[in-house]
Structures are given as structure tokens and as C-alpha cells.
Amino acid sequence: MFRTIFHWAVLLCASGSLAPSLRAQPTDDPATWAKLPPLPDAKGLGGLFAGASGEALLVAGGTNFPDRMPWEQGTKFWYDAIYALVPGEASWRVAGSLPGARAYGASIETDRGLICAGGADDRRHYDEVYLLQWRAGTVTVKTLPPLPVPSAYLCGARLGSVVYLAGGADNPLLTSALRTFWALDLADPDPRWRELEPWPGPGRILATAGVQAGAFYLFSGADIEVDAAGTPARRYLSDAYRFVPGKGWQTVAAPPHPIVAAPSPAPAVGQSHLLLLSGDDGTKIGFTPPAEHPGFPSSILAYHTITDTWVELGRTPAPHVTTATARWQGRWVIPSGEVRPGVRSPEVWSFQPQPRRTAFGWLNHVTLAAYLAGVVGIGVYCSRFNRTTDDFFRGGQSIPWWAAGLSIFATVLSSITYMALPGLGYGTNWNLFLQNSYIIILPLAALVYLPFYRRLNLTSAYEYLEQRFNVGTRLVASLLFILFQCGRTAIVLYLPALALAAVANFDLTTCILVMGVLCIAYTVAGGIEAVIWTDVAQTVVLMGGAVFGLVIAVSRIDGGLPVIFEQASAQGKFFETVDWNWNIAAATAWTIILGAVFHNLFAYTASQDVVQRYFTTPDQKSAARAIWMNVFLVAPGQALFFAIGTVLFVYYRQHPDRLDPVFQTDAIFPLFIVREMPAGIAGLVVAGIFAAAQSTLSSSLNSVATAYVTDFHRRFRVAASDRECLRVARLVTVLVGIVGMGAALWIARSDVRSLFEAFLNVIGMFGGTISGLFILGIFTRRANGAGALLGALASASAVWVVHSHVHFYWYAFTGITTCVVVGYFTSFCFPRANKDITGLALGTRRA
């Protein structure tokens, strides 16, 4: 049966991995635009409030010239009506009214509704703030705390639970612009506006705000200057600033030209772009005759928060100024606004950013197919030697030490490293490289843990816990490991699928299914031997692909290595920003250096997928060599991937037009691969990403099968034949693979900010408890089974309590110390077990 499944999987993957999906392909346009029903007012509105509340899109207030244009001495009218557009309806409905006519305030979307802050009418400016909420087909208006002073022509945005407002003017004479920065925390039980330190530039009106990657941005706008005759005039500004809570303001790259009265807040696209749409650049001030004004610019400027660069990204269908943006039904909406001075438009446009089309090419397809065929070939070959569970779980203990060592390296590496570490080097700096401090645990694994495992002739690491404590401890640890691996398979499946989906001809769902089925197939067929030998081949492919990627990226930099070091250092991309304080809630140097040791203790001493390699070599000496081999592989491997990210930062700083706004930061390496690398080489590097994922995935599948059969099935079905256990192991491999694929599909539909950090969170939550149990068993002689179980329970509880208060690197430390301390001292509450632990703990010897 399994051979049939294997053959069908090969055929599916060979066809599916190379065939483009049937979904609609994106075009070269940066966004798709669509018209929504026009506003009821045929003249359109300027200065309106807009945003989503519940299912409805709301527009409130605004102004226009209903009879004659301003150059014809027309009168500006101010409105208080609230309009609502509900999904499925072909027109707007009147849904209420503001407490008074109002326009030119700030619109802020929140989970509670639409905030309308400040504004003006034909008599004065206001400090009033309202919350509009869509309920049961109508809009209710709730009053919020007033602004510190009246303000109109201000801008704002929400960062988390905090609303920020910047600039504006406090009176209709517009003789000066405010240089004020206010904050309102909606999570505060008694919220009040706080005045914060303003940006280092001049005051301004009609600026554009935006939030991205945990920071508030302020772009352009106009200052107001009064001449000798007392006449105010606008001074168009071309500057930009970033505010990070707790760190303050920083000047960032200025836009290429002024952008006044652009729709605000600026749409945040992907994980690192802000789009400034249209706006007045000041080039047509005083244009005559005004009736023939050509209209405001319709260009789209994209600001990239990582490389601090600007690029023009196409054009809007029509210009829009003095209006707001709204996020509604998964699209960005720009309702009405001015198209040229005094002239509004009732049109309502929506857009959705989309990836640009990328051709993968036949040569890259051939390269990738050759890799897949090679993996299949290894699985077919190794399937001939799997006759017993010892073959399936331990490879008959015939694996050479160097192959086991490379397999350990590939298992720990994973697609997380292959994609997320370049993403970290590109998006942040090298600070996390300090985590290589954990190398000090490898001698501990080789000199202390390994002798216990080999002396006891184990198949599952958790067999040791039953011999040292009791069966309950063994089952708890094994179950936690199995749950952890099921979650891990989902993440390592999703990341390389994302890489292939970056090649526009492929669908993310198809990639997950194809890669998962292929990995299940060769793991079921060849067992641990197929896993290890594919790991060896995959290590060569993935490291070779990474080296190719780095060399090609360096060759594309104008100025070469000197420019790379100069620009990266100037932007703090190495270790310039290392924080040496003891803040356990942040990624400080001490958190990374110390936390990484405890964090990675689980992988090399208590995680079945790695420890299982210790059982596959002919003897203990060979297994020790495999462990020592990783001492010399880990740090250079991580340095390579961080270096790729740093070089890509410099490359895209020189070529910001080559970025794709919708891509996530973790996808920066595959983005470079498929768009910048020569044909054939790109296929090799994509194969490297596949290899990184499949090496980890196959290890997870085989180790879970080993743990389940050894610790559960064979433990409670003593009479089960070896043939039955082998059949169950293969079935479990298939089931876990299916579960992992299903979870990966769920992740693909959610917003995970940093997959590497999410992965580390999972390790910390489960790994500390398991590691603590092994420390209790090996390093103490008084601890007993009851105390160990209480320690494990306390450990899991402690990690849960602190997980929202400390950095994730301290999860494992919390879990380990709690398990050891509680487990050791509670053991004194129970009588000594009538159990011989000779040879099971340090300080004891077995004859």
C-alpha cells in the first residue's frame, strides 16, 4: 500500500510542482482599481471624514461649492450629513448627522468605530472629537475627550491602541501652523489627550500621517508664513519624520517633492511600505485661468521604511486631495475629494495592491525538477533496506558520523533559517547573531547526555525518563514533543511555499500540498536512512544555493564590498545598536546571549528529531563526532544568511524600484532569487529553500512516528509484532504530514509578523519543560517521578504566566528553572522510590 502511495506522490509532485496554478495572474500594475457607488452629493465633497465601522463604510461632513466656483465668487457650503455604504448595496444611504457642520479634521479608524477629530466650519475651528459607530442600520455619535486646543487641517493615525494627531491650525485666519503632537490611548479606562514632544521640523497643515512597523510617520504638508503686509501664505514642505514610542522622533528621507493635502492616513502596504497618493506638489500655485487648471498630480509615491527610500509606483485613476483613506472590505478606499482647486468629484475609488508578475523560466523549472527527482531517487533507493522498525527508526545503526552530523545541521537549520535570517539581516541588524552563544551546549551534549543515551541503547529519548522516573513522565515529555513537532511542520512547510508563491506562476496552497506530499512519500518509503541521506544532499544544495545568492548579490552592488560595509554600518545594520541593559522584556544582548543557551538546550539534548541521530551511528564515538561537527558549522552558517540580508539591504537601497510593496520581509531572499538571479541559478537557490524545509520536515515526521510507536503503541501493546509497529509508524508519518499541511494552509491565511519569532515562541513554550525533566533525571539523584511531574506542570504554568511579560528567549529559561527547582524540592514530599537508578544519573555507575 505504501509503495503505491509513494509512486502516486512522485507523479503528483513531478507534475504539480512545475505546473502553474489556474488562478488569475497579477499584472504589472502595482494595484487593481475599482469604482464604488458615487456619493449622493453630485458636486462631491472636500475635507470630509471617512472610515469603516463594522460592515459599513462611512463618510461624514465635508464642503463644496454647490452654485458657483470660488473664482466666480461662489460660496463654500459646509455639511453635517453622514452617509453609509453597506456591502451588497448599489448606493449610499443617509445614516445620521454630525452635531454640526464640520470639515478638514482628522479621520482615524479604530476597532470601536470612526474617530472624527477637530475640524472647522465657516466660523471657527473646533476641539471636539466624535466616535461614529454603525449599529443596526444607523450611526450613533459618541463624544470623546476634546483636543487640547481647537485644530483643523491636522492629520493623524492609530498605532496599536494609541491615536496620534499632528499639526493643524487653531483659527480660520490661518496665520500660523501648529507644531503640536497629541496622543490618546483608547485602552486607558479614563483616556485623555497627552501633548508629546513634536517633530524636529516646522509646524504644518495638510500633512499626511501613516503607521507602519511599529512607528508613526509624518510626511510633508505646508507651513504658514506671514509677509510684511500681514498676508499669510503657504510654504510647501518636503520633509518626513518617524516617531517610535519610547524612542522619540527621527528625520527620515524626504519625499522627492512636496505632498500637500494627500489622502490621509497613508495606506500601509505589506510590512514596510507606505503609499502617498496624489497630493498638491505646489507647482501650479496661482495657475490662470483657474477654470483651466489641469488638476492635482495623480502620482503614487511609495516610501520604504527599511531602506529609507522613495520611488514612484504608478498613478491613481484620478487625483484626490483634502480627503481621507479608509480600509474597507479588504481594500483601500479614497472617497471623493478635490481634483483641482475648488472642484470636487463624487467618485469613490478603491484599490488593492498586488504582486508584480515574475516569470520563472524553463531552465529554472528544470533545475528545480532535477532536485525533486534526486530527492525521490534517494527515497526509492533507501526503501529497499527498510524491513524492521530498527531500520526505520535507527537506520540499522550504520550511518557514518559525518552524514549524521550534516543531518543534525540540516534539521536544526530549517527553512526558518534560510528565509527568516536573511529577512532579519535585511530588516533589522545582526544582533540576533549573538544567539550562537548556544554552541557551548554542544560539548555538554557530547560529553554528558550522549553517554547515557548510547549506554541504554535507546530508540526514543523519552525511554530514559521512564527508566529514571516513571511511565507518566515519559508519556508527558513524548506527548509535548509530538505536539511541538506538529506545529513546527506547519511553519516549515509554509515558508518555502511562500518562496515558490513569490514566483507569480505558482499558488501558495498548491506549493504546500505538493511539497508536503513529496516529503511524506520519501519519509514513509525510506525511514530515517532516507531522511539522513536526503539531508546530506539537501545540505549541499541549500548551502551551495546560499553561497551563490550571496556572491551574485554582492556583484550587483554599485561599489562592491566597500560600499556594502559603508552603507550597512551607517544604517546600523551590524552590531551598532546592541543594547546591553538587563531588560528581560526586550531583545537585549544579555537576553540573546544567555537566553539562547537555554532556548537551544532542548534541540540538542531532549528533542527526539536531533537526538535520534545519536542512535543511528555504529557507536558512541561516531555519534560524538557528529555532534562536534556542528560546533564548526552553526556559526558560519548563520553568518552566511545574515550576510545575505545585509547585502540585500544595500542592493535594494540602491534599487528601491526593484522592491515589491506587498512582499513580506521574510520573503526578501526569494524575491531577489526569482527576479535578479540568472536563469538556472535561481532554480538552484529555490531548490535550496525547498531543501531547508524538507530536511526539517522529514525529520519531524520520522521522529514523531518513532516517539509515538516507541513511547505509546509498543509500550502499551507489548505483544505487537515488529511488522505491525512498522506499519503503524508509516501510517503515523502520513497522518502527521497531513496535519502539518492543514496547519500550514491556515497560517497562509493569517498575518504572522515574523515567522522566525513565532517559531521560537513555540520552542520556548514546550522545550523548556522537556529539557527540565532531563536535567532533573541526569543531574540529580533525589528527584523522583511524582516530583518530576509536578515540576513539569509548574513549568508549563510558569511559562504561560510570564509569556506576555518577557522576551521569548526567556521562555525556555523560565520553563527549565521552574521544572528543576519545583521538581527537585517537591520530590522531598514523597518517599524515595524503591527504584535502582544506577547508571541513570551522574555519580552512579552501572557495572
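Counting heavy atoms from C-beta on, the side chains of Trp310 and Leu276 come closer than 4.5 Å. Residues Pro335 and Thr323 have side chains in contact (heavy-atom distance under 4.5 Å, counting atoms from C-beta outward). No side-chain heavy atom of Leu368 sits less than 4.5 Å from a side-chain heavy atom of Asn364. When side chains are defined from C-beta on, Tyr236 does not count as touching Asp281, because their heavy atoms never get closer than 4.5 Å. A 4.5 Å side-chain heavy-atom check between Trp332 and Ile334 finds every atom pair outside the cut-off. Using a 4.5 Å heavy-atom threshold, the side chains of Ser220 and Thr208 count as separate. Using a 4.5 Å heavy-atom threshold, the side chains of Ile115 and Leu186 count as touching. Counting only heavy atoms from C-beta outward, the side chains of Leu659 and His273 approach each other to under 4.5 Å.
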Would you list the atom pairs, donor with acceptor, under 3.5 Å between side chains in residues 251-267 and any protein atom, with sequence neighbours excluded?
from   : atom 1 : to     : atom 2 : distance (Å)
Ser264 : OG     : Ala209 : N      : 3.1

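Atom CG in Leu274 sits 7.0 Å away from atom OG1 in Thr305 (nearest 0.5 Å). Atom CG of Leu493 and atom CG of Leu513 lie 9.0 Å apart (nearest 0.5 Å).
Put simply, the side chain of Ser336 gets close to the backbone of Ser345: a donor and an acceptor are under 3.5 Å apart. Between the Ser107 side chain and the Ala50 main chain, a donor and an acceptor come within less than 3.5 Å of each other. Within the 3.5 Å criterion, the main-chain N or O of Val348 finds no donor-acceptor partner in the side chain of Lys35. A distance-only check finds a donor-acceptor pair linking the side chain of His320 to the backbone of Ala318 [under 3.5 Å].
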Decide yes or no on side chain to side chain contact (heavy atoms under 4.5 Å, CB included) for Ile668 and Phe649, but give the supporting numbers first.
-> CA-CA 9 Å; Ile668 193 64; Phe649 167 80; over 6 Å; no
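Of the residues Thr646, Leu640, Ile644, the one that meets the side chain to side chain contact (heavy atoms under 4.5 Å, CB included) test with Pro422 is Ile644. Under the ring pair (Phe, Tyr, Trp, His ring centres under 6.0 Å) rule, Tyr164 has a single partner from Phe243, Trp249, Tyr217, which is Phe243.
Residues Gln354 and Thr32 bring no donor and acceptor atom of their side chains to less than 3.5 Å of each other. A donor and an acceptor atom, one from each side chain of Gln250 and Arg242, are located under 3.5 Å apart. Side chain to side chain, Tyr303 and Asp308 meet the donor-acceptor criterion of an N or O pair below 3.5 Å. Side chains of Ser350 and Trp328: no donor on one and acceptor on the other come within 3.5 Å.
Residues that satisfy the ring pair (Phe, Tyr, Trp, His ring centres under 6.0 Å) test with Phe641, not counting sequence neighbours, are Tyr418. Here Tyr651 pairs with His655, Phe672 under the ring pair (Phe, Tyr, Trp, His ring centres under 6.0 Å) rule; sequence neighbours left out.
Of all non-hydrogen atoms in Thr665 and Gln271, the two that sit nearest each other are N-OE1, 2.8 Å. In plain terms, the two heavy atoms of Trp430 and Lys573 that are nearest each other are CD1-O, 3.0 Å.
Taking 4.0 Å as the cut-off between side-chain N and carboxylate O, Glu109 and Arg158 do not count as a salt-bridged pair.
Both the sub-6.0 Å distance and the 45° axial angle are not jointly satisfied by Arg204 relative to the ring of Tyr241.
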